[in-house]
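These notes are about the structure you will find just below.
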Amino acid sequence: MLLKIGDVDGDEEFNKKISPLYHVDKIKAPRVKQSEADQVAFSMTEKGIPVEYVLYPDEGHGFARPENRIDFNGRVEHFLAKHLGGRAEEFAEVEGATARFPLLEKEGNQAEEA
């Protein structure tokens, strides 16, 4: 492994060069494990980069549940209209969708602790 990618355990400069955590300002659409997505989203927020992070905990990389797919499509429509311009239908939360918002949940927990 050392010959393939370098000394990831002992070379901090190398890790800063290749790790997505040090380049969050360049990430456009990550598709990773939840723990890694959390790290990226929280890091982007700390750097002042706007993030809309929605998690469907009962889904993988695709959508098996129609409620989640419909909810996601509505959120994407609003996101695109907001960032690219154009119009979007009024968004209504979909009954049965399991959307969670880890960034907002973290903010809520911090407010409760203060």
Side-chain angles (χ1 to χ4, degrees):
M1 194 67 135
L2 188 62
L3 292 174
K4 283 187 174 186
I5 62 170
D7 185 7
V8 294
D9 293 322
D11 190 343
E12 186 175 348
E13 184 177 326
F14 178 70
N15 281 323
K16 286 182 178 179
K17 182 179 175 183
I18 67 165
S19 172
L21 285 177
Y22 295 97
H23 304 279
V24 295
D25 52 326
K26 298 175 188 166
I27 295 173
K28 300 298 180 199
R31 297 193 106 199
V32 295
K33 296 178 193 172
Q34 180 185 343
S35 61
E36 293 170 350
D38 287 349
Q39 282 184 312
V40 170
F42 296 141
S43 181
M44 290 174 76
T45 299
E46 289 168 9
K47 290 185 177 213
I49 300 167
V51 179
E52 293 185 35
Y53 177 28
V54 182
L55 173 70
Y56 297 87
D58 55 347
E59 301 284 7
H61 282 268
F63 291 101
R65 300 185 62 240
E67 299 91 343
N68 289 339
R69 185 173 47 253
I70 294 166
D71 185 84
F72 173 78
N73 288 338
R75 292 177 191 282
V76 167
E77 182 180 13
H78 271 265
F79 177 89
L80 293 174
K82 176 180 175 182
H83 294 282
L84 299 178
R87 60 182 187 208
E89 286 187 24
E90 184 176 331
F91 178 76
E93 294 203 18
V94 178
E95 186 177 337
T98 59
R100 287 189 39 230
F101 309 91
L103 292 172
L104 299 176
E105 291 167 8
K106 181 179 179 185
E107 289 174 8
N109 289 340
Q110 288 177 341
E112 290 174 10
E113 293 172 3

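No hydrogens, no waters, no symmetry mates; every other heavy atom, side chains included, goes into these values. We count residues from 1, following the sequence as given.
- Phe63 and Arg69 get closest at one heavy-atom pair: O-NH1, 3.3 Å.
- Residues Arg75 and Glu52 fail the side-chain proximity criterion, which asks for heavy atoms closer than 4.5 Å.
- Ala88 and Ala81 get closest at one heavy-atom pair: CB-CB, 3.8 Å.
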Worked check of side-chain contact (heavy atoms from CB on, under 4.5 Å) between Leu55 and Phe101: CA-CA 6 Å; Leu55 173 70; Phe101 309 91; over 6 Å; no
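- The two atoms that bring Glu90 and His78 nearest to each other are C-NE2, 3.8 Å, heavy atoms only.
- Leu80 and Val94 fall into different hydrophobic clusters, where Ile, Leu, Val, Met, Phe, Trp and Tyr side chains are chained together by heavy-atom contacts under 4.5 Å.
- For the pair Val51/Phe42, no side-chain contact is recorded, criterion being any heavy-atom separation below 4.5 Å from C-beta on.
- Closest heavy-atom contact between Gly74 and Phe91: C-CD1, 3.7 Å.
- Interatomic distance, Tyr53 OH to Glu105 CD, rounded to the nearest 0.5 Å: 9.5 Å.
- Residues Val76 and Tyr56 fall within the same hydrophobic cluster, defined by Ile, Leu, Val, Met, Phe, Trp and Tyr side chains chained together at heavy-atom separations under 4.5 Å.
- Closest heavy-atom contact between Ala64 and Glu59: N-OE1, 2.7 Å.
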Stepwise side-chain contact (heavy atoms from CB on, under 4.5 Å) check, Arg87 with Glu77: CA-CA 8 Å; Arg87 60 182 187 208; Glu77 182 180 13; over 6 Å; no
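- Put simply, CG on Asp11 and NZ on Lys16 are 11.0 Å apart, with the number rounded to the nearest 0.5 Å.
- With a 4.5 Å cut-off on side-chain heavy atoms, Ser43 and Lys47 count as touching.
- In terms of heavy atoms, Asn68 sits closest to Gly96 at OD1-O, 4.3 Å.
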